[in-house]
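Presented below is the structure to which this report refers.
Any value given below was found using the heavy atoms of this structure, including those in side chains, with hydrogens, waters and symmetry copies removed.
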Amino acid sequence: MKKIIFSIVFLTLGWATSQAQTFNLGVKAGVNLAKINADFASEENRLGYQIGAWARIGGASFYVQPEAYIGSKGNKFISIQQNNGNEVAAEGKVKFTTLDVPVLLGTKFGAKNLNFRVMAGPVISFILDENSSFSSAYQQATDFDNYKNQALGLQAGAGVDVGNISVDLRYEAGLSNISKSEKYSQKPNLFQLSLGFKIL
């Protein structure tokens with residue numbers, strides 16, 4: 001599945017580059033509100049950050065936007081469902097530092113110095129650092145606190161460009177289980193708001 005998605009993305013990126021009328025390069029920073037959806041626990045959102053760079057390649061209306069940025073995301077679990085079906089209060093925290101690489105396909109409309117954009121595309125997150133702590137109630141969940149070193153997701157959102165300034169609001173839905181457990185599923189999801197500056 002990953003190979004198919006990224007093959008399509010890179011073929012599209014190659015086509016867009018060959019047809020490109022514009023090329024922009026910029027930097028970005030922002031915040032995200034993240035949580036890990038689990039099928040056996042209740043969770044709360046956690047605030048994180050992102051900082052990195054983006055490129056935008058395309059013509060008058062269609063563009064491809066690859067990005068690379070360092071970010072933090074995490075989750076606070078507040079309860080867990082035990083084997084007998086009872087839900088008990090139990091705290092667990094996890095925080096990831098990730099390298100996120102989305103490749104977004106988008107369209108824009110409006111004037112040169114004021115335009116609006118919509119975009120969507122896959123994102124792969126590489127976990128650079130992981131910090132977690134869980135109460136003893138989570139010990140029954142095999143490999144609950146044992147995480148993979150990457151995750152695949154899908155981003156979609158909208159943005160506006162005012163001169164060299166860009167503002168984006170996106171939602172990222174986790175497509176792959178980030179937990180190594182074969183019994184329990186954990187998928188990261190987040191909202192992100194970023195401010196970008198076009199330098200080229």
* Asked: Can any side-chain N or O of Ser166 pair as donor or acceptor with the backbone N or O of Asp161 at less than 3.5 Å?
  -> no
* Nearest-0.5 Å distance that lies between atom CG in Leu105 and atom OG1 in Thr107 -> 11.0 Å
* Partner set under side chain to side chain donor-acceptor pair (under 3.5 Å) for Ser61, not counting sequence neighbours -> none
* Asked: Would you say Ile178 and Phe134 are hydrophobically clustered, going by side-chain heavy atoms of ILVMFWY under 4.5 Å?
  -> yes
* Asked: Looking at Tyr69, does the NZ or CZ of Lys28 lie under 6.0 angstrom from its six-membered ring centre and within 45 degrees of the ring axis?
  -> yes
* Qualifying residues under side chain to side chain contact (heavy atoms under 4.5 Å, CB included), relative to Ser185, sequence neighbours excluded -> Asp39, Asn177, Lys187
* Check Asn75 against Glu44 and note the closest heavy-atom contact, atom names and distance. => OD1-O, 3.4 Å
* Do side-chain atoms of Asn189 reach the backbone of Gly174 as a donor and acceptor pair under 3.5 angstrom? -> yes
* Asked: For the hydrophobic clusters of this structure (ILVMFWY residues joined by side-chain heavy atoms under 4.5 Å, transitively), does one cluster hold both Phe197 and Val160?
  -> yes
* Nearest-0.5 Å distance, CG of residue Asn45 to CG of residue Asn32 -> 10.0 Å
* When rounded to the nearest 0.5 angstrom, what distance separates CD1 in Ile57 from CZ in Phe62? -> 10.5 Å
* Same cluster or not: are Leu193 and Trp54 linked, directly or through other Ile, Leu, Val, Met, Phe, Trp or Tyr residues, by side-chain heavy atoms under 4.5 angstrom apart? -> no
* Does the side chain of Leu200 reach to within under 4.5 Å of the side chain of Phe23, using non-hydrogen atoms? -> yes
* Glu67 and Arg170: CA distance, side-chain angles, deciding distance, salt bridge (charged side-chain N to carboxylate O under 4.0 Å, His left out) verdict -> CA-CA 14 Å; Glu67 299 182 351; Arg170 300 180 198 162; 2.6 Å; yes
* Less than 4.5 Å apart, any side-chain heavy atom of Lys148 and any of Ser179? -> no
* Asked: Backbone N or O of Leu152 within a donor-acceptor pair of the Ser176 side chain at under 3.5 Å?
  -> yes
* **same_hphob_cluster(Phe191, Leu154) at 4.5 Å side-chain heavy-atom cutoff** => no
* Between atom CD1 of Ile78 and atom NZ of Lys76, what is the distance when rounded to the nearest 0.5 Å? -> 8.0 Å
* **Flag for Gln192-Tyr171: side-chain donor and acceptor within less than 3.5 Å** => no
* **Where Ser79 and Ala41 come nearest, the two heavy atoms and their spacing** => O-CB, 3.0 Å
* Check Val118 against Tyr63 and note the closest heavy-atom contact, atom names and distance. => O-OH, 3.8 Å
* To do: Go through the steps for Phe126 and Asn149 under the test side chain to side chain contact (heavy atoms under 4.5 Å, CB included), then give the verdict.
  => CA-CA 6 Å; Phe126 301 96; Asn149 58 12; over 6 Å; no
* To do: Working to the nearest 0.5 Å, report the span between CD1 of Ile127 and CG of Asp129.
  => 9.5 Å
* **Non-hydrogen atoms of Ala38 and Gln186 that approach each other most closely** => CB-CG, 4.4 Å
* Using 4.0 Å as the upper bound for N to carboxylate O, is an ion pair formed by Arg117 and Asp168? -> yes
* **Check: Gln155/Glu172 side-chain N/O donor and acceptor closer than 3.5 Å** => yes
* Quick one: do Val94 and Phe40 end up in the same hydrophobic cluster if we chain Ile, Leu, Val, Met, Phe, Trp and Tyr together by side-chain heavy atoms under 4.5 Å apart? -> yes
* To do: Mind checking side chain to side chain donor-acceptor pair (under 3.5 Å) for Asp100 and listing every partner two or more places apart, or none if nothing turns up?
  => Lys73, Thr98, Ser125
* Near Lys108 NZ, under 6.0 Å, is it more than 12 heavy atoms from other residues, nucleotides or ligands? -> yes
* To do: Could you tell me which non-hydrogen atom of Met119 sits nearest to which non-hydrogen atom of Gly159, and how far apart they are?
  => CE-N, 4.1 Å
* Asked: Is the shortest heavy-atom distance from the side chain of Ile124 to the side chain of Gln150 under 4.5 Å?
  -> yes
* Euclidean distance, Lys35 NZ relative to Glu43 CD, rounded to 0.5 Å -> 5.0 Å
* Between Ser135 and Glu91, do the side chains contain an N or O donor and an N or O acceptor separated by less than 3.5 Å? -> no
* Indicate yes or no: at least one non-hydrogen side-chain atom of Val162 is less than 4.5 angstrom from one of Asn115. => no
* Structure fact -> Note: Ser42 and Glu87 closest approach over all heavy atoms is OG-OE2, 2.8 Å
